[in-house]
There are 2 protein chains.
Amino acid sequence: MAEPAKRPLTLRDVSEASGVSEMTVSRVLRNRGDVSEATRQKVLEAAKSLGYVPNKIAGALASQRVNLVAVIIPSLSNMVFPEVLSAISDVLDDTPLQPVVGVTNYRKDREEKVLYEMLSWRPSGVIIAGIEHSDASKAMLRGAGIPVVEIMDTDGTPIDAAVGISHRRAGRMMAEAILKAGYRRIGFLGTKMPLDHRARKRFEGFTEALAKAGLEIADQEFYEGGSALGKGREMTETILKRSPDLDFLYYSNDMIGAGGLLYCLENGIDVPNDLGLAGFNGVELLQGLPRRLATMDSCREEIGRKAAEIVLARVEGDEAGPSGQNIELTPKIEHGDTLRKKPRDADYPE
Amino acid sequence: MAEPAKRPLTLRDVSEASGVSEMTVSRVLRNRGDVSEATRQKVLEAAKSLGYVPNKIAGALASQRVNLVAVIIPSLSNMVFPEVLSAISDVLDDTPLQPVVGVTNYRKDREEKVLYEMLSWRPSGVIIAGIEHSDASKAMLRGAGIPVVEIMDTDGTPIDAAVGISHRRAGRMMAEAILKAGYRRIGFLGTKMPLDHRARKRFEGFTEALAKAGLEIADQEFYEGGSALGKGREMTETILKRSPDLDFLYYSNDMIGAGGLLYCLENGIDVPNDLGLAGFNGVELLQGLPRRLATMDSCREEIGRKAAEIVLARVEGDEAGPSGQNIELTPKIEHGDTLRKKPRDADYPE
DNA sequence: GTGAAAGCGCTAACAT
DNA sequence: ATGTTAGCGCTTTCAC
């Protein structure tokens, strides 16, 4: 029953309460070095009854070790990132390392600030979303002298190590699957992309693959903010009214794709025959929809796990581990119910 | 162009590079005290060109101030908590305080551990979800000597301050609205609740209000884990097959409610006439559904904002601010398209 | 198995 | 406006 403490307790308080030197108390509390079972118990008891909570600030300063891993992501409202996070947490859970999250809102200036703040706590490693950073951010990351794992995207040169997928390739793969299924008049719906590099790269890969087949995006529509499901609905209505002859809609993420799917179903559009749909990410939400939206798994779980493992390996092995790796995972297309696997008999007889 | 630093830079390095004492460098970097514009520039330049990042560990130890606010929540995958978080961040954004998030997975033992870890960094305040904690957690919170704001739930006695809604009352209010609309055979669908106190309290308030009207829950169904949308769908099918005469389904959250709604629409059930539906939380996702699910706003934005403001006020005013407050917000029922406002002409002529 | 001394990188409090 | 001194609460290192 600790009284409303005025001054936080210190090792010294525990030392005095237990009649053991500060040093030995410290050893007990950290399970380090040999301590007799007798003193060990005395100390533990004293610490507990006082309600002592060690001061990690002091500990970190003295030991020059901080068991934190900075995890920097663009957003928490896009479910994709919490999922990566939870994979990271799972791996780190049985280790002394602890993730600490920073959010950038997809903004370079925020990223710089968040990074600076986090590095000033001298974490043991950094896991950061994306492979595009400002020069200042890159300089900080390089200068920090700690393992840095860039995640989600491998289209670029990592500072240290990277784990992700190639979004350019993902866009290409989806375009190829769509073409193979016989769709030809393809619309694109997505976020305004100046900020989201991965969405942009998927778009680029997508158009590139279409171009190779002599095709272009037939129409497109972009959105900003707001409820993704609602936006998907609205955008789908807009683009279909403007270009009723489209036979496929590629969405830059599953949430707007889901909104589009709901719109199509309500309006009696024959999916996937008259109109095919596909999103991106493979979010769990899709399991509950009336039809399974075609999508592409973005390997979030594995990315999080691998990233954490890399940091862990580097922190444990004092020497720099395998640096400079760029691990590209391969996303799989899920056709679901909205992307047929081959052309209808009637059309595109080629 | 900082070389791959071996040893992190210190104030001393900046001091030497700029020919100014460590103390003055420190003053410049913190914008504290009077420094001539000339030296100010010299220092800033030196710091920048070296790529110096201050060591907050040392700073915090020396100043006995840590501008972190521990925010402890059950989960990141339930969108409700990221929303509270983002309200907290917004308020704290223009202040020196910074939120740091810990996740408990709805488990008391995790909460204890997370709390211990966070307190060992000596944060300036704690914002913690829920008002139910283990004795050990309560002792830690009391002993920390910092402002503690318990959020989301006001049904209980706060340790220090609380901001939230009464979930018992929320459950009652929904029951009353449902009864007023003439529904009588009411089913409940929700999470297994040993862990989620707020869901439990809503359930209790709900059944209590039914009891007052001489009614009982006609059937119920519980779930664990999995995709909420999909689960809502499955549970709805199950409960309706078992009890086809139900005329209302009350879901413990909007996601399973949304799944239920989709199921009903697909199966041609007349909502809200033959069957009414309601969820809880007022999540944005609902905006994109074919019909607006009845729900109840859980005031997440305001809760986050108020909580952050309380911590802020207490940290700024050195003296303890208004302690012991228990701010109960009032959720509003949104009838949407799935809960009619009064009985059908035909039934329940009373 | 235990203790004493030194110092981690910074800032408060006092000089000047 | 700038510099000096003395810690902050722990851990490292070395002694016993």
Side-chain angles (χ1 to χ4, degrees), chain A residues 5-44 46-47 50 52-67 96 117 119-124 144-145 318, chain B residues 5-44 46-47 50 52-67 96 117 119-124 144-145 318:
Chain A
K6 197 71 251 173
R7 163 186 69 74
L9 297 162
T10 70
L11 260 191
R12 168 171 232 111
D13 295 307
V14 182
S15 164
E16 286 171 0
S18 62
V20 176
S21 79
E22 283 187 47
M23 196 51 238
T24 301
V25 172
S26 166
R27 279 196 266 257
V28 171
L29 265 24
R30 285 177 301 144
N31 286 316
R32 263 215 182 12
D34 298 320
V35 182
S36 76
E37 194 49 31
T39 49
R40 180 185 178 64
Q41 288 308 330
K42 262 195 299 190
V43 169
L44 252 25
L50 290 177
Y52 172 70
V53 177
N55 184 332
K56 289 214 177 175
I57 307 261
L61 183 62
S63 66
Q64 304 283 64
R65 269 184 282 97
V66 180
N67 289 325
E117 291 288 326
L119 289 181
S120 73
W121 288 101
R122 300 288 187 266
S124 294
D318 276 14
Chain B
K6 197 72 251 170
R7 164 186 68 76
L9 297 163
T10 70
L11 260 191
R12 166 171 234 110
D13 296 307
V14 182
S15 165
E16 286 171 357
S18 62
V20 176
S21 80
E22 283 186 47
M23 196 54 234
T24 301
V25 172
S26 166
R27 279 195 267 256
V28 171
L29 265 23
R30 285 177 300 145
N31 286 315
R32 256 209 189 18
D34 297 319
V35 183
S36 76
E37 194 49 34
T39 49
R40 178 183 180 66
Q41 288 308 330
K42 260 195 301 193
V43 169
L44 253 24
L50 290 177
Y52 172 70
V53 177
N55 184 332
K56 290 215 179 178
I57 308 261
L61 184 62
S63 66
Q64 303 283 64
R65 268 184 284 96
V66 180
N67 289 325
E117 292 289 326
L119 288 181
S120 73
W121 289 102
R122 301 286 187 265
S124 294
D318 277 15

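So you know, we letter chains A, B, ... as the sequences are listed, proteins then strands, and number each from 1.
Contact check for A/Ser124 versus A/Arg65: no side-chain heavy atoms found under the 4.5 Å cut-off. B/Leu9 is not listed as a side-chain neighbour of B/Val14, based on a closest heavy-atom distance of 4.5 Å or more. Considering only heavy atoms from C-beta on, A/Leu119 comes within 4.5 Å of A/Pro123 through its side chain. B/Val20 is not listed as a side-chain neighbour of B/Val28, based on a closest heavy-atom distance of 4.5 Å or more.
Residues forming a side chain to side chain donor-acceptor pair (under 3.5 Å) with A/Ser18 (at least two apart in sequence, or on another chain): none. When the side chain to side chain donor-acceptor pair (under 3.5 Å) test is applied to A/Asp13, the partners found at least two apart in sequence or on another chain are A/Arg7, A/Thr10.
Taken residue by residue, residues 35-42 of chain A places no heavy atom nearer than 4.0 Å to DNA chain D.
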key: Sugar-phosphate or base contact per nucleotide [nucleotides 8-16 of chain D; S, B, -; heavy atom under 4.0 Å]   = BBBBB----
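Identified under the side chain to side chain donor-acceptor pair (under 3.5 Å) test for residues 28-38 of chain A, with sequence neighbours left out: A/Ser26-A/Arg30, A/Asn31-A/Arg40, A/Ser36-A/Thr39, A/Glu37-A/Gln41.
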message = Walk me through whether B/Val43 and B/Val35 qualify under side chain to side chain contact (heavy atoms under 4.5 Å, CB included).
response = CA-CA 10 Å; B/Val43 169; B/Val35 183; over 6 Å; no
key: Working for side chain to side chain contact (heavy atoms under 4.5 Å, CB included), residues A/Val53 and B/Trp121   = CA-CA 9 Å; A/Val53 177; B/Trp121 289 102; over 6 Å; no
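When the local axes at the two ends of the helix from C/dG1-D/dC16 to C/dT16-D/dA1 are compared, using 5 base pairs at each end, they differ in direction by 30° after rounding to 10°.
Remark: B/Tyr52 OH to B/Leu44 CG distance equals 12.5 Å, nearest 0.5 Å.
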